[in-house]
Amino acid sequence: MLILAGLLAGLGLLFIGLKLMSVHLQQAMGRRVRTMLKAATRSSISGFFCGAFAGAGAQSSNAVTLIAGNLVRGGVFTTRDAIPVVAGANVGTSALVFIASIDMRIAVLFLIALVGMTYQLRLDRRPSWRDWMGVTLGLALLFLGLDFIKSAPKGIDVAEAAAAFSNGITPLLGLALGFVVAVITQSASTATILAVAATHAHMLGLEDAFYLILGANFGSGIATLLTSGGLVGIGKQLCFVHILVKGVGCIIVFAVWQAANLAGWDSPAILARLGGGEPALSISLLFLALQVSGGLVVTGLRGLSEKIAVALSPASVEDRVSRPHFIHDSAIRDPSTALDLAARETDRLVSLLPDLLPDLDQRTAGAAKERSVLWHGSTSIAATTGQFVVRVIERRLGREDLDLALHIQEQLDIVKFLQDTLHEFSDVVEEFKDVPPLAFNLSEALRTIVLSLVDARDGSGEDFDILIALTADRSDLLDRIRRALAASSLGSGEDARKLLLATSMFERAVWLVRRLAVALRPDANGDKSAAAPKTANLEVAHAD
């Protein structure tokens, strides 16, 4: 019973230590990890090493993968850029396994004493100190748990226990056990550290540990997918990259293991020699080999890896509409090109305006949700483009470029107001269970006007002139509609209130369309470049 209690206490301390380390490391280094990852995409080599440092710091490749996934979703960098980061993070987590393979009994005692004294001196009042004290305490408990696990089997017949384990753990059972432990703990390191303790106590052989670690390695990749939470589309692609790193590593190491056996060599004996006769070091090297082999292959073939990730998690509707298609940071170096790209992005936002309105002739389930996603995405692009133009203006533009930049800003401001107005108008119309004829006519008329604005972009100034004339002041007509509604039997009803609100929004939207048509007219700024960016300049921007 005492032996069982020692084993369970060791496991408990191990899990508590890992949890404390993970939580406090992410709090202490979370911002630094994000900063590191943002700067990691200059090349695949820098990305790999930055990912390795981030993985060693956070001690969780899952955490680094999820952080990188959120940064990809936010447009900080692309999935292709982040692949080396995820691959490197897996290598970085090997550091803890190597540390756990060392006898740290004396260090544990000093670490616990250090943490206790810092608490007594109330140094934990400072948040930064408190987090690092938590990391130190977690590390001490982790090593203490390992020591309990290693010491507990001393009271049993080791030979008998080893025989029992040897007969009971088949390769398939070892794979399954490692997989389950990694999924539950969300860490391949945990299962590997347990294997280190078990082999140190001579309860597991290296061959049994090999299959257990192989299963744990792949299981931690699946755990990332299970804990990805709200990540969808592009944001979730890195989770599949993580699984790919784990899977490729398992395949390569397993193939080498089996090839050595088929060649007549003793794979466990080779692994033991690589570790210098120390099972813990052998297991640490095995874990490192899994991460390095998978990471290097996936990084080297990141084009193919990206295609697989995109196929498994294609961009969602929100991804497609919330990411700019033309503007990018490197274009700011050439202000003229940057302004052409901003004009092209603004033009694309105008083309999306009709989709913010409902098609009342073909109402389908889920259409309102799609319009809401489109509205959120397009307003986000408008805001990002506006910030982009401000950054271009800060580069001390010449008079001609400055005039163009201010003109694009004017267009963007009108587009933002029009996006919100069309969204609000659609929400009011959608509230009707049975759309009244007036609301139907207002919606269809507004849709026709907005479509005319989109079509006019590809025409001449005369098309804009016609649209400007059509959207001239119609306040008398709209006032008559309001008076008719007030005098009708619906005047005191909820439907009448909604119709009045829809009428006001219709009037505002038509006024904004007219202002946008004036701003978009090719000679509105004395320069047609704002309405029709030059293809040559765009090609130069993409070449940069």
Side-chain angles (χ1 to χ4, degrees), residues 318 320-327 342-360 367-368 370-390 405-430 439 441-459 461 463-475 478 500-522 524-525 530-532:
E318 187 174 356
R320 290 194 294 271
V321 301
S322 63
R323 298 168 68 87
H325 284 198
F326 299 101
I327 61 172
R344 181 63 65 90
E345 201 71 66
T346 304
D347 184 68
R348 190 174 77 89
L349 289 172
V350 174
S351 71
L352 294 173
L353 290 173
D355 295 330
L356 296 175
L357 290 166
D359 186 353
L360 298 179
E370 289 182 7
R371 280 195 302 276
S372 179
V373 170
L374 175 62
W375 171 68
H376 281 291
S378 56
T379 53
S380 174
I381 294 174
T384 302
T385 307
Q387 294 167 3
F388 179 82
V389 174
V390 170
L406 294 175
H407 188 58
I408 294 172
Q409 276 190 324
E410 179 191 7
Q411 294 174 4
L412 282 169
D413 289 339
I414 300 172
V415 168
K416 291 176 190 175
F417 284 121
L418 188 53
Q419 287 170 338
D420 292 338
T421 301
L422 296 179
H423 176 67
E424 292 170 9
F425 177 85
S426 299
D427 282 349
V428 172
V429 173
E430 287 287 346
N441 292 335
L442 287 175
S443 180
E444 291 302 300
L446 184 56
R447 185 176 177 83
T448 300
I449 291 171
V450 176
L451 284 169
S452 299
L453 173 68
V454 173
D455 292 339
R457 297 174 305 120
D458 298 323
D463 295 321
F464 282 100
D465 291 336
I466 295 172
L467 181 60
I468 291 168
L470 286 173
T471 54
D473 187 15
R474 295 288 186 270
S475 56
L478 293 169
L500 285 170
L501 184 58
T503 303
S504 298
M505 290 180 177
F506 174 84
E507 185 178 14
R508 189 202 310 167
V510 171
W511 176 71
L512 288 169
V513 168
R514 189 173 191 274
R515 282 194 61 193
L516 188 55
V518 172
L520 288 173
R521 196 176 189 279
N525 198 37

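On a predicted model such as this, the values are computed, not experimentally measured, just so you know. If you read the sequence from its start, that first residue is 1, and numbering goes on from there.
- Geometrically, R344 engages F326 in a cation-pi contact defined by less than 6.0 Å to the ring centre and at most 45° from the axis.
- Shortest non-hydrogen contact noted between V428 and A502 is CG1-CB, 4.1 Å.
- For the pair Q411 and D347, the minimum side-chain heavy-atom distance is 4.5 Å or more.
- Without hydrogens or angle criteria, R457 side chain to V454 main chain gives a donor-acceptor distance under 3.5 Å.
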Exercise for the section: Go through L353 and V513 one step at a time and tell me if the side chain to side chain contact (heavy atoms under 4.5 Å, CB included) criterion holds. Expected result: CA-CA 10 Å; L353 290 173; V513 168; over 6 Å; no

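- Side-chain contact check for Q419 and H423: no donor-acceptor pair (N or O, by modelled atom type) lies under 3.5 Å.
- The structure places CD of E507 at 9.0 Å from OG1 of T503, a figure rounded to the nearest 0.5 Å.
- Nearest heavy atoms, L467 versus A517: CD2-CB, 3.9 Å.
- In this structure, R371 forms no cation-pi arrangement with W375, as its terminal cationic atom is not both closer than 6.0 Å to the ring centre and no more than 45° off the ring axis.
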Exercise for the section: Report the C-alpha separation of L418 and V350 in whole Å, then their side-chain angles, then the decisive distance to 0.1 Å, and conclude whether the side chain to side chain contact (heavy atoms under 4.5 Å, CB included) test is met. Expected result: CA-CA 10 Å; L418 188 53; V350 174; over 6 Å; no

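- In terms of heavy-atom proximity, L446 sits nearest to A509 at CD1-CB, 3.7 Å.
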Exercise for the section: Please assess L406 against Q409 for the test side chain to side chain contact (heavy atoms under 4.5 Å, CB included), listing each intermediate value before the final yes or no. Expected result: CA-CA 5 Å; L406 294 175; Q409 276 190 324; 3.5 Å; yes

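- The CZ atom of R348 lies 5.5 Å from the CG atom of L352; values are rounded to the nearest 0.5 Å.
- In this structure, CG in L356 is found 9.5 Å from CG in D420, a value given to the nearest 0.5 Å.
- A donor-acceptor pair is defined here as one N or O able to donate and one able to accept, closer than 3.5 Å; such a pair exists between the side chain of T346 and the backbone of A342.
- Counting heavy atoms from C-beta on, the side chains of D455 and D463 never come closer than 4.5 Å.
- For the pair R514 and I468, the tightest heavy-atom approach, listed with the atom from each and the gap, is NE-O, 3.2 Å.
- Minimum interatomic distance between L453 and F464 (heavy atoms only, all atoms of both residues): CD1-CE2, 4.4 Å.
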Practice task
Apply the test side chain to side chain contact (heavy atoms under 4.5 Å, CB included) to residues D465 and R521: give CA-CA distance (whole Å), side-chain angles for both, the deciding distance (0.1 Å), then the verdict.
Solution key: CA-CA 8 Å; D465 291 336; R521 196 176 189 279; 2.7 Å; yes

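- Once rounded to the nearest 0.5 Å, the distance linking CZ of F425 with CZ of R508 reads 11.5 Å.
- S380 places no side-chain N or O within 3.5 Å of a backbone atom of H376 that could act as its donor or acceptor partner.
- A distance of 6.5 Å separates CG in D413 from CZ in F417, rounded to the nearest 0.5 Å.
- Formation of a donor-acceptor pair under 3.5 Å by the S426 side chain with backbone atoms of L422 is found in this model.
- Between R515 and T471 there is no side-chain heavy-atom pair separated by less than 4.5 Å.
- Looking at R447 and E444, no side-chain N of the basic residue comes within less than 4.0 Å of a carboxylate O on the acidic one, giving no salt bridge.
- For the atom pair L349 CG and L412 CG, the distance stands at 7.0 Å (nearest 0.5 Å).
- The backbone N or O of I327 sits less than 3.5 Å from a side-chain atom of E345, completing a donor-acceptor pair.
- Here the shortest heavy-atom pairing between T421 and M505 reads CG2-O, 3.6 Å.
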